[in-house]
Amino acid sequence: MSDSISKPSFRVQWRDRLSDRLTRFLVDDLPHLFDTVLRWLGRGQLLLLLTCLIWMIVPLIVVRPTIWQQTLVGMMLVGIGTIIMQLEERAENRPAAQRTSEYLHLLLIGLSLIVTLRYLYYRTFYTLNLDTWLDGFFSLLLYSAELYAIATLILSYFQTIKTTNRKPIDISHIPPDQLPAVDVYIPTYNEDVEIVRKTTLGALAINYPIHKKRVYILDDGRRDLERRAVLQEMCDELNCTLLTRDNNDHAKAGNINTALQKTTGDLVLILDCDHIPVCTFLTETVGFFSRDRVALVQTPHWFYNPDPFERNLLTQGRVPVGNELFYKVLQRGNDYWNAAFFCGSAAIIRRDRLLEVGGIATETVTEDCHTALRLHSRGYQTVYYDKIMVAGLAPEKFSAYVGQQVRWARGMAQILRIENPLFNRKLNLRLSQRICYFSATSHFFFGFPRLMYAIAPALFLLFGINSVQGLGIETLVYALPHILLSMQTNHIPYKHVRFSFWNEIYEFAMSFQAGIVTLFALINPKMGQFNVTSKGLTVNKRSFDLESVRYLVILGAITGASLMAVPFWLIISPEDTQAVLINALWCGFNLLLVIAACLVAFEQPQLRRAHRLPRQIQAIIHSDGQSWAGKTINISETGAKIELDLWPNISDQVRIELVGDLGARVLLEAQIIRAIATNTLQTHLIVDFINVSRVQRDDLIVLLYSDVEEWYAQHRQESDNPFESLRFIATSLKRAFNEFRPEFGVKVRKQVRATAQLYWDKWDGYFYTAKITEMGTQDLRLEFSGNPILNLDALTVEQPLIALSLDLEEASSSAVSLLAQVQSVEILATLSGDTPFHRVALELSFPDDLKPQQQQKIKRVLRSLQA
C-alpha cells in the first residue's frame with residue numbers, strides 16, 4: 001500500500017523539480033549568461049552579433065520542406081510553446097512571478113515571431129493567386145488583411161514586453177495646507193439628474209481636506225432649462241458649484257476648457273457624470289504628482305452594470321468584458337514606455353500643464369488620447385495606476401454601445417490622419433511612444449480584415465474565387481503553428497482579461513461600422529462630430545436591433561449559404577477536396593462567431609429595477625429587539641440578498657443596518673420577499689428596501705459606490721481555456737432564448753402562538769376561535785379545529801373580508817381588531833361520526849387600501865406575539 005502511494009508522490013516531486021530547474025534555467029541562468037557575455041561587447045560588435053543571428057534565422061524562415069517535415073517542425077514548436085506556457089502558469093503564484101512571466105513571455109514572443117515570419121514568407125511567395133484579375137484582386141485584399149493582422153500582433157507584442165505595477169505614493173505625512181488643491185469636474189449634457197447626483201455624492205465623499213477640494217458640475221445642456229434648474233437645486237443642496245456656458249462648441253472638450261478659465265485648483269480630477277469615485281481616490285493618486293514631470297495620472301474605467309455583450313449573451317460574468325484587455329494589460333504596457341494616455345475620465349491632470357498644451361484637444365472626437373499625445377510631445381510623463389476607483393455605467397443597449405465605439409474609432413483614425421504619430425517629426429516623441437500611439441490609433445481598422453476573413457471562404461465556395469492559391473494541407477501546416485503560437489504567446493499576458501475567440505466576436509459585431517468610419521476619417525478627418533453615449537436606459541422586453549447588425553445578418557446568410565455548396569463541390573470537383581474542406585471549416589467557424597455577434601443585438605430584458613453588485617457587505621438585521629449578523633451576497637439601491645448562518649424567527653418587515661468597507665453606515669427598512677435554505681444550512685433572505693428617504697438613499701449610494709476598499713473586479717481569477725471558451729460561445733444561441741425563471745423561496749413570517757376570534761356576517765352572529773401560527777406585515781395563517789365551519793364553501797369562493805380580534809395580554813392594552821381578506825382555504829383533516837371534526841387552515845392578507853389605518857396596529861401585534 002505504501003509503495004503505491006509513494007510512487008505517484010515521487011513522480012509529482014520529480015516533475016516539480018524538473019519544472020523548477022527548467023524555469024530557473026530559462027529565467028535566471030540563460031539571461032545571466034547573455035548578460036555576462038554581452039556586457040564585454042561594444043555597439044559595433046553587438047550589431048555584428050545581431051546580424052549573424054538574423055542570418056542564422058533566415059534559413060528557418062525561407063526553407064520549404066515537405067508537408068510531413070513542416071508538420072513535425074510545427075508540432076515541435078507548438079509543443080515547446082505549450083511547455084513554456086505551463087511553466088509560466090505553475091510559477092504564477094510564486095515569488096518573482098511577474099519577472100518569471102515576463103521572461104517566459106519574451107521567449108515565446110521570439111518563437112512566435114519566427115513561426116509568423118515563416119508563414120508570411122510562405123504566404124507571400126507561394127500562395128498569392130494572380131492568375132486572373134478577379135482572383136488577384138481578392139487575393140491581394142486578403143493578403144493585405146493578413147499583413148494588418150500580423151502588424152497588429154507584433155505591435156501588441158511590443159506593448160506587452162513589460163508592464164508596470166505601480167503602488168500608491170503615501171501623502172499622509174504631508175500637512176493638509178501643503179497638499180495641492182484639487183478641482184473635481186463632472187461634465188454633463190443631457191443625462192438624468194439622478195445619475196449626476198450619484199457621481200456628485202461620490203466626489204463629495206472623497207477623503208481630502210475640505211478646503212483643498214472643490215466639486216464642479218459642468219452643465220452643457222443649455223437648451224433644457226428645466227433640467228438645469230433641477231441641477232442648480234441639487235448643487236445648492238449638496239454644496240457644490242454649477243458652471244455653465246452660452247454655447248456647446250467642441251462638446252465635452254469645450255466644456256472642460258471653459259471651466260479651466262473659471263477655476264484655480266492645482267490639479268483637475270475629471271469624472272464622467274456616471275463615474276462614481278471611491279473615497280480613497282485622491283489619497284491614492286495625488287502622491288504621483290510629487291514628481292514635477294508628471295502631468296497626468298489615469299486610472300481604469302470599470303462598469304458595474306453588464307454591457308450588451310455580457311447581458312445579451314448571458315455570460316453572467318464568466319467572460320471578461322471588452323475594456324479589460326486595454327485597462328489590465330495594454331495601458332500597463334503603455335505606462336512602461338511612458339505612453340499611457342488620457343481616457344476622458346477617472347484621471348487627474350496638472351492644470352498648468354494642461355493649459356500649456358492649449359487645454360483639452362478639440363480637433364478630434366477622442367479629445368482624451370489627443371491631449372495625452374500633446375503632453376507626451378512636450379516631454380511630460382503620464383502615470384497609469386491600475387486600481388479600479390470609479391464605478392460607471394456601460395451602455396445598456398447595443399445601439400448605444402455601437403455609437404460609443406464608432407466615436408472612438410473615428411477619433412483614433414482622426415489622430416492617425418492628423419498627427420501621424422509614427423512618422424511626424426514635429427512630435428517630440430521617443431520611438432517607443434510612437435509605436436504605442438500608432439498601435440492605439442490603428443487598432444480600430446480591424447473592420448476591413450475581419451470582413452475579409454469572413455468573405456474569403458464564402459467567395460470560393462459560392463463563386464469559385466480562389467483568394468489563396470493551392471489552399472490545402474500544406475497551407476494549413478504553415479498557418480496553424482502561426483495561429484497556435486500567437487495564441488500561446490498572448491495567453492501569458494491576456495489569460496485573465498481576454499478569452500479565446502471572444503475578440504473575434506467583438507470585432508465581427510463592430511466590423512461594418514468601424515470599417516466605414518475609419519475609412520471616412522482617413523479621407524476627411526474633419527468629418528463627424530462628438531456624440532454623447534446614452535446611459536441609464538432600461539430594456540423591458542426582448543427585441544432584436546436589426547438596424548445595428550443588418551449587414552452582419554446578410555454576411556451570416558451568405559456564410560451559411562456557402563456551406564450548402566460543399567456537397568456540390570465534392571461531387572463536381574473532387575480534385576479540390578482539400579481546398580473545399582478547409583474553406584468549409586473556415587466558413588463554419590466564421591458562422592459560429594457571426595451568429596454570436598448577431599445575438600449581441602438580441603436585447604435581453606433587465607429583470608431588476610437596479611443593477612445588483614456582488615459585494616459582501618456586513619448586514620445586521622434588527623427585529624423585535626433582536627439582531628442577527630450576516631453579509632450581503634449581492635446588493636443594489638433597491639434591495640439585497642443577505643446570507644445568515646441560521647433561520648431567524650422574524651417578521652417580513654425588518655430594519656437592516658449596512659456597514660461599508662471603510663465604516664460608512666446606513667439603516668434601512670426592508671421587506672423580506674422570500675427566504676431560501678441552502679445546502680450548507682445557511683439562509684438567504686431576499687429583501688426590498690422600503691420607505692427610503694432622500695437622505696437614506698444618498699447614504700446608501702455612498703456606501704455602495706464610494707465606501708469601497710477594493711472593487712471585486714480588480715483581480716479576476718478565471719483563466720482562459722480555448723476549448724471551454726469555444727464551447728461557451730457555441731451555446732450562446734441556447735442561452736439567449738432561455739426563458740427567465742424567478743428564484744424560488746418561501747414566505748418569511750414570524751412563527752407565533754396566539755389565538756384570535758374571527759367574525760363574518762354570514763356566520764349569523766357566531767364567531768370562531770382560531771390559532772395564529774404565522775404572521776407578517778402582509779398576511780397571516782390561521783388554523784381551526786373542532787366543529788365544522790358554517791358556509792365554508794362560500795368562504796372559499798367569495799374570499800371576503802373578515803374581522804379578527806386579538807388579545808395581546810398587555811396590562812395597558814385591550815383587544816386589537818384587524819380586517820383581513822381570505823386568500824385560500826385548506827382542509828387539513830375531516831372526521832365524521834357522532835361528533836364531526838374539521839381541521840382547517842386559512843391564509844389571510846391585509847388589504848393594501850387599509851394599510852394606513854392598520855399598519856401600526858399590525859406591527860404592535862407582531863412585537864407582542866411570542867414564538
Side-chain angles (χ1 to χ4, degrees), residues 619-628 638-640 642 644 647-657 667-675 683 685-693 696 745-761 763 767-784 795 798-826 840-867:
I620 306 169
I621 297 176
H622 303 283
S623 178
D624 298 337
Q626 292 182 285
S627 298
W628 295 266
T638 60
I642 300 172
L644 300 176
W647 189 286
N649 184 21
I650 53 177
S651 175
D652 57 341
Q653 271 194 22
V654 296
R655 287 178 302 155
I656 296 178
E657 184 179 5
L667 183 64
L668 302 163
E669 288 186 67
Q671 181 79 37
I672 302 177
I673 306 303
R674 59 184 173 272
T683 302
L685 298 180
I686 289 80
V687 305
D688 271 351
F689 302 137
I690 58 174
N691 305 322
V692 182
S693 68
Q696 286 176 313
V746 298
K747 280 185 178 180
V748 171
R749 293 186 292 206
K750 190 174 182 179
Q751 308 293 311
V752 298
R753 293 178 182 177
T755 58
Q757 295 177 342
L758 275 65
Y759 300 87
W760 182 32
D761 54 8
W763 284 337
F767 67 87
Y768 290 92
T769 301
K771 294 180 179 179
I772 304 175
T773 58
E774 299 177 9
M775 184 173 177
T777 61
Q778 308 294 319
D779 47 30
L780 76 160
R781 181 182 175 89
L782 301 168
E783 289 190 8
F784 297 87
L795 193 71
E798 296 179 18
Q799 296 184 332
L801 278 175
I802 61 175
L804 292 82
S805 178
L806 297 90
D807 187 359
L808 301 184
E809 299 181 357
E810 295 178 356
S812 59
S813 301
S814 58
V816 174
S817 297
L818 296 170
L819 288 176
Q821 186 171 14
V822 176
Q823 295 296 316
S824 65
V825 178
E826 182 183 357
V840 178
L842 262 63
E843 287 282 344
L844 307 177
S845 67
F846 301 115
D848 290 338
D849 55 348
L850 296 178
K851 277 187 177 179
Q853 298 96 314
Q854 297 195 143
Q855 195 67 31
Q856 292 303 316
K857 289 197 290 184
I858 293 170
K859 290 181 178 180
R860 186 160 63 93
V861 169
L862 284 168
R863 285 195 300 269
S864 301
L865 296 180
Q866 300 298 318

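Since we're looking at a predicted model, the values are computed, not measured.
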Side-chain ion pair, R749 and E774, N-O less than 4.0 Å: yes
Begin with the C-alpha distance, continue with both residues' side-chain angles, and end with the deciding distance and a verdict on side chain to side chain contact (heavy atoms under 4.5 Å, CB included) for T777 and F846. CA-CA 8 Å; T777 61; F846 301 115; over 6 Å; no
Do L780 and V752 have side-chain heavy atoms sitting under 4.5 Å apart? no
Measure the spacing between CG of L818 and CE of M775 and express it to the nearest 0.5 Å. 6.0 Å
Indicate yes or no: does R655 engage E669 in a salt bridge with an N to O separation below 4.0 Å. no
Rounding to 0.5 Å, atoms CH2 (W760) and CD (E798) come to a distance of 5.0 Å
Heavy-atom closest pair, residues S623 and S651: OG-N, 4.3 Å
Is K857 reaching over with its side chain to a backbone N or O of V816, donor-acceptor style, under 3.5 angstrom? no
What distance do T638 atom OG1 and I690 atom CD1 have between them, rounded to the nearest 0.5 Å? 12.5 Å
Strictly below 4.0 Å, N to O, side chains only: are K747 and D652 in salt-bridge contact? no
According to the interplanar angle, ranging from 0 to 90°, do the rings of F767 and Y759 count as parallel (below 30°), tilted (30 to 60°) or perpendicular (above 60°)? tilted
Measuring from atom NZ of K750 to atom CG of D624, what distance do you get when rounded to the nearest 0.5 angstrom? 3.5 Å
Taking all heavy atoms of P852 and all of D849, pick out the closest pair and write down the distance. CD-O, 3.9 Å
Residue pair P648 / I621, side-chain heavy-atom distance below 4.5 Å: no
Nearest non-hydrogen partners of L862 and G776, listed with the distance: CD1-C, 3.9 Å
Between A841 and E783, what is the shortest heavy-atom contact and its length? CB-CG, 4.1 Å
Is there a side-chain contact between V654 and L685 (heavy atoms, below 4.5 Å)? no
As an exercise, state the distance from CD1 of I672 to CD1 of I686, rounded to the nearest 0.5 Å. 10.0 Å
What's the shortest heavy-atom distance between I772 and A756, and which atoms? CD1-CB, 3.9 Å
Side-chain heavy atoms of V687 within contact of L668, under 4.5 Å: no
Determine, step by step, whether K771 and L782 satisfy the side chain to side chain contact (heavy atoms under 4.5 Å, CB included) criterion, reporting the C-alpha distance in whole Å, the side-chain angles of both residues, the deciding distance to 0.1 Å, and the verdict. CA-CA 5 Å; K771 294 180 179 179; L782 301 168; over 6 Å; no
Polar contact flag, side-chain donor to acceptor under 3.5 angstrom, Q778-K851: yes
For S845 and Q823, test the side chains for any donor-to-acceptor distance below 3.5 angstrom and give the result as yes or no. yes
What distance separates I656 CD1 from S627 OG, expressed to the nearest 0.5 Å? 12.0 Å
Short side-chain to backbone donor-acceptor contact, Q696 and L667, under 3.5 Å: yes
For a quick test of reading the model, state the closest non-hydrogen atom pair linking A820 to P847 and the distance between them. CA-CD, 4.2 Å
Output, in order, the C-alpha distance, side-chain angles, deciding distance and verdict of side chain to side chain contact (heavy atoms under 4.5 Å, CB included) for I650 and V748. CA-CA 7 Å; I650 53 177; V748 171; 4.1 Å; yes
